[in-house]
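Just below is one structure, and these are the notes that go with it.
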Amino acid sequence: MLFDYNVVWESLPLYFGGVLVTLKLLVISLALGLLAAVPLALMRVSKQPAINFPAWLYTYVIRGTPMLVQLYLLYYGMAQFEVVRESALWPYLSNATFCACLAFAINTSAYSAEILAGSLKATPYGEIEAAKAMGMSRAKLYRRILLPSALRRALPQYSNEVIMMLHTTSLASVVTLIDITGAAKTVNSQYYLSFEAYITAGVFYLLLTLILVRLFKLAERRYLAYLAPRKH
């Protein structure tokens, strides 16, 4: 038999459980990452070196090192320090889910911050002038005009980041989590059928990617409609 469908069928509950773990990691890391990315992006567009440089350094270091190394440092590296093992943070840093979410959130925050910073810098000057003409303060200008406008325009780039993060969550299996890739590893270790195990995982990732792409297309159609060229 070229493809053992029975193994795939029997393993579907394990894969569905892996999908839930993958989605949990993705949602938590994206939410935390976006929360951190907004202030980082504001720092990146600041003209004051004391504010801009720390954000630039953070995004440069995080984007310049592999995600797997960051995950290993958090989950395995921190455990070697006695001060960490005896601290109140140890119950969290010894938890694979917490470390995976934190590592993914840190990683995506750096990329998302650069995306938002680029979108902020590309804000049409007319929008800023109109807001100033209405007497808006700087804080209100960012809250009511610049940030909402930048977030909308960043949707196409951010959708790529979300899809990349979906694929990045596959690294969670190296810290013992049974996500989609972890499910494939389990099936392979039980049946020694690498092709069936990993092609099934690939199908699940592909389906999730298609769903995400569709959702972002709908969001872009709704929030970026005003940027579409008008038909005469």
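Heads up: numbering here begins at 1 and tracks the sequence.
Residue Pro54 comes nearest to Met43 through the heavy atom pair CB-CE, 4.3 Å, listed as atom of the first residue, atom of the second, then distance. Annotation for Thr169 and Tyr205: closest pair OG1-CE2, 4.5 Å, computed over non-hydrogen atoms. Across Ser173 and Asp179, no two heavy atoms sit closer than the pair CB-OD1, 3.5 Å. Taking each heavy atom of Ile180 and Tyr15 in turn, the nearest pair found is O-CE2, 4.1 Å. Across every non-hydrogen atom of Ser29 and Thr108, the tightest pair is O-CG2, 3.6 Å. Val84 and Ser87 get closest at one heavy-atom pair: O-OG, 2.7 Å.
By the criterion of side-chain heavy atoms lying less than 4.5 angstrom apart, applied directly or through intervening Ile, Leu, Val, Met, Phe, Trp or Tyr residues, Leu147 is not grouped with Ile51; the two fall into different hydrophobic clusters. Met78 and Tyr72 fall into different hydrophobic clusters, defined by Ile, Leu, Val, Met, Phe, Trp and Tyr side-chain heavy atoms under 4.5 Å apart, directly or through other members. Phe204 and Leu206 sit in two unconnected hydrophobic clusters of ILVMFWY residues. Membership requires side-chain heavy atoms under 4.5 Å apart, directly or through other members. Hydrophobic clustering, with ILVMFWY side chains joined whenever heavy atoms are under 4.5 angstrom apart, groups Val38 together with Val45. In the hydrophobic cluster analysis, where Ile, Leu, Val, Met, Phe, Trp and Tyr join through side-chain heavy atoms closer than 4.5 angstrom, Trp9 is grouped together with Phe16.
Remark: Leu102 CG to Phe98 CZ distance equals 5.0 Å, nearest 0.5 Å. Here the CD1 atom belonging to Ile28 is positioned 8.0 Å from the OG1 atom belonging to Thr97, to the nearest 0.5 angstrom. Atom OH of Tyr111 is separated from atom CE of Met164 by 8.0 Å, given to the nearest 0.5 angstrom. Note that CG of Leu73 is 8.0 Å distant from OG1 of Thr65, once rounded to the nearest 0.5 Å. Note that CG of Leu146 and CG of Leu151 are 10.5 Å apart. Values are rounded to the nearest 0.5 Å. Remark: Ile163 CD1 to Leu208 CG distance equals 11.0 Å, nearest 0.5 Å.
In this structure, a donor-acceptor pair under 3.5 Å is present between the side chains of Glu114 and Thr59. Looking only at atom types and distance, the side chain of Ser194 has a donor-acceptor partner in the side chain of Asn188 under 3.5 Å away. Side-chain contact of Tyr191 with Ser11: a donor-acceptor pair under 3.5 Å is absent, judged by distance alone. For Ser109 and Tyr58, the side-chain atoms include at least one donor-acceptor pair closer than 3.5 Å.
At a threshold of 4.5 Å between non-hydrogen side-chain atoms, the residues Glu10 and Val187 do not count as touching. Leu30 is listed as a side-chain neighbour of Met165, based on a closest heavy-atom distance under 4.5 Å. Here the side chains of Leu34 and Leu116 are in contact, with some heavy-atom distance below 4.5 Å. Between Leu32 and Val27, the closest side-chain pair of non-hydrogen atoms is not below 4.5 Å. No side-chain heavy atom of Val175 sits under 4.5 Å from any side-chain heavy atom of Leu74. The shortest side-chain heavy-atom distance between Asn160 and Ile115 does not fall under the 4.5 Å cut-off. With contacts defined as side-chain heavy-atom distances shorter than 4.5 Å, the pair Lys24/Cys101 does not qualify. The side-chain heavy atoms of Tyr75 and Thr176, taken from C-beta on, include a pair separated by under 4.5 Å.
A donor-acceptor pair is defined here as one N or O able to donate and one able to accept, closer than 3.5 Å; such a pair exists between the side chain of Arg153 and the backbone of Ser119. The closest donor-acceptor contact from the side chain of Arg85 to the backbone of Ala79 lies under 3.5 Å. Within the 3.5 Å criterion, the main-chain N or O of Ser46 finds a donor-acceptor partner in the side chain of Asn52.
In this structure, Lys217 places its NZ atom where only 12 or fewer heavy-atom neighbours from other residues, nucleotides or ligands lie under 6.0 Å away. Atom OH of Tyr92 has 12 or fewer heavy atoms from other residues, nucleotides or ligands within 6.0 Å.
Relative ring orientation between Tyr158 and Phe216 is described as perpendicular, the plane-to-plane angle rising above 60° on a 0-90° scale split at 30° and 60°.
In the hydrophobic clustering, where aliphatic and aromatic side chains (Ile, Leu, Val, Met, Phe, Trp, Tyr) are joined below 4.5 Å either directly or transitively, Leu215 groups with Ile211. Cluster partners of Trp56 are Phe53, Leu57, Tyr60, Val61, counting Ile, Leu, Val, Met, Phe, Trp and Tyr whose side-chain heavy atoms approach within less than 4.5 Å, directly or via other members. Side-chain heavy-atom separations under 4.5 angstrom define the hydrophobic clusters, and Tyr198 shares its cluster with no other residue.
Among Glu161, Gln70, Arg63, the single residue meeting the side chain to side chain donor-acceptor pair (under 3.5 Å) criterion with Asn107 is Gln70.
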Could you go step by step and tell me if Leu177 and Leu25 meet the side-chain contact (heavy atoms from CB on, under 4.5 Å) rule?
CA-CA 10 Å; Leu177 293 179; Leu25 294 172; 4.2 Å; yes

Go through Val21 and Ile178 one step at a time and tell me if the side-chain contact (heavy atoms from CB on, under 4.5 Å) criterion holds.
CA-CA 7 Å; Val21 172; Ile178 307 299; 5.6 Å; no

Working note: Thr22 + Thr181, criterion side-chain contact (heavy atoms from CB on, under 4.5 Å); need CA distance, chi angles, decisive distance, verdict.
CA-CA 9 Å; Thr22 293; Thr181 303; over 6 Å; no

